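Down below is the structure, laid out as structure tokens.
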Amino acid sequence: MTAPTRGYTASKDQLAGRLRRIEGQVRGIERMVDDDRYCIDVLTQISAIQAALDKVALGLLDGHARHCMKEGAEAGRADEMAGEMMAAVGRLMKRG
């Protein structure tokens with residue numbers, strides 16, 4: 001059985017690389033805490049990780065809008081797909 005094509009399929013390797021770098025940044029923060037680093041330095045690294053995750057999320061949203069929603073519209077599911085994407089955007093925007 002063939003896996004479905006997703007909006008990010010073409011850039012899957014690049015996406016995986018970004019996620020591995022983010023994972024490394026998170027491990028770096030763990031080491032900073034273990035080493036009793038200055039609070040502001042730790043918070044600065046957390047901010048960098050949040051920005052990196054936001055960039056990944058925006059890329060996924062772009063792929064979804066260009067690929068998945070197009071396929072959904074062709075199948076008569078445009079409103080459903082738009083609602084689904086807007087709900088995801090809403091979840092991404094809720095912080096703190």
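Not measured: the values here are computed from a predicted model.
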Only pairs under 3.5 Å count here: list side-chain donor-acceptor contacts from residues 29-44, not counting sequence neighbours, and write none if there are none.
residue : atom : partner : partner atom : Å
T44     : OG1  : I40     : O            : 2.8

Donor-acceptor contacts under 3.5 Å from residues 47-70 side chains, at least two apart:
residue : atom : partner : partner atom : Å
D54     : OD1  : R95     : NH2          : 2.4
D54     : OD2  : R95     : NH2          : 3.3
D62     : OD1  : R66     : NE           : 2.7
D62     : OD1  : R66     : NH2          : 3.3
D62     : OD2  : R66     : NE           : 3.0
H67     : NE2  : T5      : O            : 3.1
H67     : NE2  : E71     : OE2          : 3.4

| said: So, taking the atom named CD1 in I22 and the one named CD in Q25, what distance separates them when rounded to the nearest 0.5 Å? | reply: 6.5 Å
| request: Can you sort out the partners of E23 under side-chain hydrogen bond (donor to acceptor under 3.5 Å, both in side chains), two or more places apart, ordered by chain and number? | output: R27
Return all side-chain donor-acceptor pairs below 3.5 angstrom for residues 76-92, not counting sequence neighbours, or 'none' if the list is empty.
residue : atom : partner : partner atom : Å
R77     : NE   : E80     : OE1          : 3.1
R77     : NH2  : E80     : OE2          : 3.1

